[in-house]
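Here is the structure we will look at, set down as structure tokens.
Nothing fancy with the numbering, it's 1 onward along the sequence. Small disclaimer: the values here were computed from a predicted structure and weren't measured.
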Amino acid sequence: MEIEKYIKLGCIHAIYNVNVHDLNLKDNLNFLKIKEEYPSIMVKKYILQKTSCLDKRMVASLKLVHLEENVLNKKMNVLSTTEKVKIELAILLIQNVNCIVFNHFDRYFMEKELLFFKKLFKKLVKKYQKTFVFLNSDIPYLFDLVDRIVIKKSKKEYMVIDNPTFYEEELYEVVQKPPIVDFVTYLNNNGKKILPYTDLKELLKAIFREV
């Protein structure tokens, strides 16, 4: 069965053991791709080549992804990787695509911006029923973000976890277990009754209550 059959519209997914080449990128699946080389043209011209949108919508979309209007006067080939990712995301938003696929999206940003994008993706899902797919991203970035985890276990077998707590042991046969999950599991195995926290501050409060 194709992996696309496990992608539920209007929610956020994490997919493991799958790369973009395993996906059948049809019109409803749009992969955010960063090119190895970009042309020496202004950002505005680059966006117009792909969208033909009005200036007002272009500026609004840039602000939506945390870019200032002055970036339009920069050349694509001199932008940072982070800026290029934002430009490509803005283009997909201008094109009003329904499903966006990211590959290791969390690698491009610092923690503050990752928190910003978490809020943005949730907002777009809630308000516009957008669908987001994160391929092989680090687990901590996906805490409190994803609605569904899909794990490719073999050529024809997939495991689906809806509304994950990130404490399903089968998940960590595929990816490395985050320290907070490992620590909470250790405490529970040693007689402590600790809820499946993914927030470090909340975990510390629980530990102090136990003490």
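Glu68 pairs by the side-chain contact (heavy atoms from CB on, under 4.5 Å) definition with Asn70, not counting sequence neighbours. With sequence neighbours excluded, the residues satisfying salt bridge (charged side-chain N to carboxylate O under 4.0 Å, His left out) with Lys205 are Glu202. Evaluation of the salt bridge (charged side-chain N to carboxylate O under 4.0 Å, His left out) rule for Lys50 yields no partner, not counting sequence neighbours. Shown here are the salt bridge (charged side-chain N to carboxylate O under 4.0 Å, His left out) partners of Asp162, two or more places apart in sequence or in another chain: Arg148. By the side-chain contact (heavy atoms from CB on, under 4.5 Å) test, Asn98 is found to be paired with Lys130, residues two or more places apart in sequence or in another chain being considered. For Glu111, the salt bridge (charged side-chain N to carboxylate O under 4.0 Å, His left out) test picks out no residue, with sequence neighbours left out. Legend: residues meeting side-chain contact (heavy atoms from CB on, under 4.5 Å) with Thr165, ordered by chain and number and at least two apart, are Tyr167, Glu168. Considering only residues two or more places apart in sequence or on other chains, Asn163 meets the side-chain contact (heavy atoms from CB on, under 4.5 Å) condition with none of them.
Residue pairs meeting the salt bridge (Lys or Arg N to Asp or Glu O under 4.0 Å) criterion with at least one partner in residues 75-93, sequence neighbours excluded, are Lys74-Glu83, Lys86-Glu113. Within the structure, the salt bridge (Lys or Arg N to Asp or Glu O under 4.0 Å) test picks out the following pairs touching residues 171-187 (sequence neighbours left out): Glu169-Lys177. Under the salt bridge (Lys or Arg N to Asp or Glu O under 4.0 Å) criterion, the residue pairs touching residues 34-44 are Lys44-Asp55, with sequence neighbours excluded.
To the nearest 0.5 Å, atom CD1 of residue Ile87 and atom CG of residue Leu92 are 11.5 Å apart.
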inquiry  = Evaluate Phe117 against Tyr141 for side-chain contact (heavy atoms from CB on, under 4.5 Å), listing each step before the verdict.
reply    = CA-CA 10 Å; Phe117 279 110; Tyr141 174 60; 4.1 Å; yes
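Taking a 6.0 Å sphere around CZ of Phe116, one finds it holds more than 12 heavy atoms contributed by other residues, nucleotides or ligands.
Val71 places a side-chain heavy atom less than 4.5 Å from the side chain of Leu79. Looking only at side-chain heavy atoms (C-beta outward), Val101 and Leu32 stay at 4.5 Å or farther from each other. Looking at heavy atoms from C-beta onward, Leu203 lies out of side-chain contact with Asp199 at the 4.5 angstrom threshold.
Using cut-offs of 30° and 60° for the angle between ring planes, the Phe121 and Phe102 rings count as tilted.
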Pair up each side-chain donor or acceptor in residues 9-17 with any protein partner under 3.5 Å, not counting sequence neighbours, and list the distances.
| unit_1 | atom_1 | unit_2 | atom_2 | d |
| --- | --- | --- | --- | --- |
| His13 | ND1 | Cys11 | O | 3.4 |
| His13 | ND1 | Phe132 | O | 3.1 |
| His13 | NE2 | Lys8 | N | 2.8 |
| His13 | NE2 | Lys8 | O | 3.1 |
| Tyr16 | OH | Ser137 | O | 3.1 |
| Asn17 | ND2 | Lys152 | O | 3.0 |

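Shortest non-hydrogen contact noted between Leu135 and Val18 is CB-O, 4.2 Å.
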